[in-house]
Amino acid sequence: MKAAIIMGSTSDLPKVEPAINLLKDAGISVKVRCLSAHRASRQLTKFIEELNGDGTEVIITAAGMAAALPGVVAAQTVLPVIGVPLSGSVLDGQDALYSIVQMPPGIPVATVAINGAKNAAWLALEIMAVKHDELRAALLFERKKMQDVAIAANEEVISKYEAEDAE
């Protein structure tokens, strides 16, 4: 199972690392690149061509400001592309969000929240789980763990406030 993560600048790495780690922890082979759509367009195109032929199943792209990267990538592949708008500009990521989410018909980019790289990784895993039963089982197990944590937290709240009412 293969995925790729492309960011526009090395300054984006701290916001993207949680996604890299989540994918690797799930057993996904991850190619990570820093290729600006504006400053390294030829190298970006070459990398996308590589991904189109090497079994990569999902591409996560992370960019701020004008955030051209996700759209440029989506225009060169039919692989699912997930865009992560990043904060850092005067508009605090809203510019990137609008740029990524407003793709023309036929060139979609799935878009997560501003700085939502970890959710992009979860979405990538879900996309790959359609094809890989072992990944689907692992995701279902993780969801069960999340549910158990939420239920335990609820029980603590109930216990705390019902105990106060009894006094």
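All of these numbers come straight from a predicted model, not from anything done at the bench.
Looking at Thr45, its side chain does come within 3.5 Å of a backbone N or O of Ser41 through a donor-acceptor pair. Although no hydrogens or angles enter the test, the distance criterion places a donor-acceptor pair under 3.5 Å between the side chain of Asn52 and the main chain of Gln76.
A 6.0 Å sphere centred on CZ of Arg136 holds no more than 12 heavy atoms belonging to other residues, nucleotides or ligands. Within 6.0 Å of the CE atom in Met103, the count of heavy atoms belonging to other residues, nucleotides or ligands exceeds 12.
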Next on the checklist: Show, in sequence, the C-alpha distance, side-chain angles and deciding distance for Leu79 and Ile48, and conclude whether the side chain to side chain contact (heavy atoms under 4.5 Å, CB included) test is met.
Outcome noted: CA-CA 10 Å; Leu79 294 170; Ile48 296 166; over 6 Å; no

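Listed by first and then second residue, the salt bridge (charged side-chain N to carboxylate O under 4.0 Å, His left out) pairs involving residues 97-126 are Glu126-Arg143 (not counting sequence neighbours). Counting only residues at least two apart or on different chains, no salt bridge (charged side-chain N to carboxylate O under 4.0 Å, His left out) pair has a member in residues 76-105. Applying the salt bridge (charged side-chain N to carboxylate O under 4.0 Å, His left out) rule to pairs touching residues 53-67 yields Lys31-Asp54, sequence neighbours excluded.
In plain terms, the two heavy atoms of Pro85 and Val112 that are nearest each other are CD-O, 3.3 Å.
Hydrophobic clustering (ILVMFWY, side-chain heavy atoms < 4.5 Å, transitive): Ile100 and Val73 are in one cluster. Leu44 and Leu86 fall into different hydrophobic clusters, where Ile, Leu, Val, Met, Phe, Trp and Tyr side chains are chained together by heavy-atom contacts under 4.5 Å. The same ILVMFWY cluster, assembled from side-chain heavy atoms under 4.5 Å apart, contains both Val32 and Ile28. Criterion: ILVMFWY side-chain heavy atoms under 4.5 Å apart, direct or through other members. Under it, Met128 and Leu51 are not part of a common hydrophobic cluster. Hydrophobic clustering (side-chain heavy atoms under 4.5 Å, transitive across Ile, Leu, Val, Met, Phe, Trp, Tyr) groups Val16 together with Ile82.
Using a 4.0 Å cut-off between charged side-chain N and carboxylate O, Glu49 and Lys46 make no salt bridge.
Listed by chain and number, the hydrophobic cluster partners of Tyr98 come to none, as no ILVMFWY side chain reaches under 4.5 Å of it.
Between Val84 and Asp12, the closest side-chain pair of non-hydrogen atoms is not below 4.5 Å.
Among residues two or more places apart in sequence or in another chain, the side-chain hydrogen bond (donor to acceptor under 3.5 Å, both in side chains) test is passed with Ser87 by Lys15, Asn115. When the side-chain hydrogen bond (donor to acceptor under 3.5 Å, both in side chains) test is applied to Gln43, no partner is found at least two apart in sequence or on another chain.
Note that CG of Asp25 is 11.5 Å distant from CD1 of Ile20, once rounded to the nearest 0.5 Å.
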